[in-house]
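Encoded as structure tokens, the structure appears first; notes follow it.
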Amino acid sequence: MLDRRTFVLSSSFLLISGCMAQPTVSGESGSKSSILNSPAIAAIEQRIGGRLGVALVDNDGSLILSHRGSERFAMCSTFKAPLASVLFAAHEAGTVDMFAKFALKSEDSVPYMPFVEEKLKTKELVSLHELAGAAVMTSDNAAANLILNAVGGPQAFTAFTRAQGDDVTRLDRMEPELNENVPGDPRDTTSPEAMAKLMHKLAIEDASLNIDKLTLQKWMKESKTGASRIRAGLPKGWPVGNKTGTAMCGIARNDMAIIWPSTAKFAAGPVFLTVYVDRPTAPAKEVDAAMADVARLGIKLIGLPD
């Protein structure tokens, strides 16, 4: 097994080589806002029904696109990516040992837990670090709950986001209750802008020699969900990592992604895109296609040649 120092150096080498306010779109310059303007996103929103929230931040964390960016949307499972960072911080503070192995219990079970279900069958010991990877890569709900219990519950998650300068994102409940998404209920919500800026800080900012940020990037790259959402709208060969979130009955359908544009201007640094959809009237397949369309429009702001 690689030690943390070796992992940092090798990972660095690999990376070097490899609520109803009016929607707005903001850009850093007039040329950018003319490439993608409010009617372009609004047309996609009208096509799928409900509300569509979008935010895109560039490599230095500057906001270059926002549509309903300050409105609240249910996080659903997108919270599992920053949850990994909550665990990393707790381990660093010495309040938990994320590498210690322990036995899972049948009472840990909740709907949708592919990793935990398999480990319960084999009776293998697991670590919180492994569970965090499962929460990000497979969206395992039981894994997320076990991490939340270890770090201090939903309130600890919210306290962590506040410490990062995010005064919007909040977690109030566990899985699966946090997916309820009652209209007007601020519980378990974020805004597209808040989450994009939070994830820029947790996964992109000063990441080159930070093992925890590189690990989160790796897990998002290896995500098993969301192939038909943001990923489907990006040019072939662009490195990308994502985390989806979905509520039952189609009342929320989300995705967010860290994207490494393969262009001369941005090749050295990733950008972060969030797409949140609340109560769409279109079928799920069409909503996913709309997310891909948002990604296609968004990449025009980051130097993609026509």
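If you're wondering where the values come from, they're calculated on a predicted model, not measured in any experiment.
Partners of K119 under the salt bridge (Lys or Arg N to Asp or Glu O under 4.0 Å) rule, at least two apart in sequence or in another chain, are E124. Residues passing the side-chain contact (heavy atoms from CB on, under 4.5 Å) test with A290, sequence neighbours excluded: I44, R47, I48. Residues that satisfy the side-chain hydrogen bond (donor to acceptor under 3.5 Å, both in side chains) test with T189, not counting sequence neighbours, are R72. Scored by the side-chain contact (heavy atoms from CB on, under 4.5 Å) test, A247 finds C76, N179, I251, A252 as partners (sequence neighbours excluded). Remark: K101 engages E130 in a side-chain hydrogen bond (donor to acceptor under 3.5 Å, both in side chains) (not counting sequence neighbours). Residues satisfying the side-chain contact (heavy atoms from CB on, under 4.5 Å) criterion with A55, sequence neighbours excluded, are L63, P192, E193, A196, T274. Taking the salt bridge (Lys or Arg N to Asp or Glu O under 4.0 Å) definition, one finds that K197 meets it with nothing, sequence neighbours left out.
Within the structure, ring-ring contact (aromatic ring centres under 6.0 Å, His included) pairs that include any residue of residues 269-295 do not occur (at least two apart or interchain). Pairs engaging residues 196-227 under the ring-ring contact (aromatic ring centres under 6.0 Å, His included) rule: F88-W219, H129-W219 [sequence neighbours left out]. Residue pairs meeting the salt bridge (charged side-chain N to carboxylate O under 4.0 Å, His left out) criterion with at least one partner in residues 246-255, sequence neighbours excluded, are R253-D288. Residue pairs meeting the side chain to side chain donor-acceptor pair (under 3.5 Å) criterion with at least one partner in residues 140-164, sequence neighbours excluded, are K80-N141.
For H91 (side chain) and M98 (main-chain N/O), a donor-acceptor pair under 3.5 Å exists by modelled atom type. Of the possible donor and acceptor atoms, none in the side chain of S77 sits under 3.5 Å from a partner among the backbone N and O of T244. T78 places a side-chain N or O within donor-acceptor distance of the main-chain N or O of M75, the cut-off being under 3.5 Å.
Listed here is the closest heavy atom pair of A90 and V151: CB-CG1, 4.1 Å. The two atoms that bring N59 and V271 nearest to each other are N-CG1, 4.0 Å, heavy atoms only. Between A89 and F160, the shortest heavy-atom distance links the atoms CB-CE1, 3.7 Å. In terms of heavy-atom proximity, A289 sits nearest to R296 at O-NH1, 4.5 Å. When every heavy atom of V136 is checked against every heavy atom of A81, the shortest pair comes out as CG2-CA, 4.1 Å. Between F157 and P82 the shortest heavy-atom distance is CZ-CG, 3.9 Å.
Using a 4.5 Å heavy-atom cutoff, the side chains of S223 and R231 are in contact. Between R170 and F79 there is no side-chain heavy-atom pair separated by less than 4.5 Å. The shortest side-chain heavy-atom distance between P235 and P261 does not fall under the 4.5 Å cut-off. Side-chain contact between R68 and S191: absent, with no pair of heavy atoms (C-beta onward) separated by less than 4.5 Å.
Under the 4.5 Å side-chain contact rule for hydrophobic residues, F99 and L83 share a cluster. Linking Ile, Leu, Val, Met, Phe, Trp and Tyr residues whenever their side-chain heavy atoms come within less than 4.5 Å places I147 and F102 in a single cluster. Cluster membership check: M256 does not share its hydrophobic cluster with V168, using side-chain heavy-atom separations under 4.5 Å among Ile, Leu, Val, Met, Phe, Trp and Tyr.
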Contacts table for residues 108-118: side-chain donor-acceptor under 3.5 angstrom, sequence neighbours left out:
residue: D108; atom: OD2; partner: K105; partner atom: N; Å: 2.8
residue: S109; atom: OG; partner: S106; partner atom: O; Å: 2.8
residue: Y112; atom: OH; partner: T138; partner atom: O; Å: 3.1

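Comment: R51 does not engage E45 in a salt bridge, judged by the lack of any side-chain N to carboxylate O separation of less than 4.0 angstrom.
Under the 3.5 Å distance criterion, with hydrogens and angles disregarded, a donor-acceptor pair is assigned to the side chains of D166 and T169. Between the side chains of K213 and S85, not a single donor N or O lies within less than 3.5 Å of an accepting N or O. Side-chain atoms of R229 and N242 form no donor-acceptor pair, as typed in the model, at a separation below 3.5 Å.
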Fill in: Steps toward side chain to side chain donor-acceptor pair (under 3.5 Å) verdict (K243, S139)
CA-CA 8 Å; K243 183 68 201 80; S139 211; 2.9 Å; yes
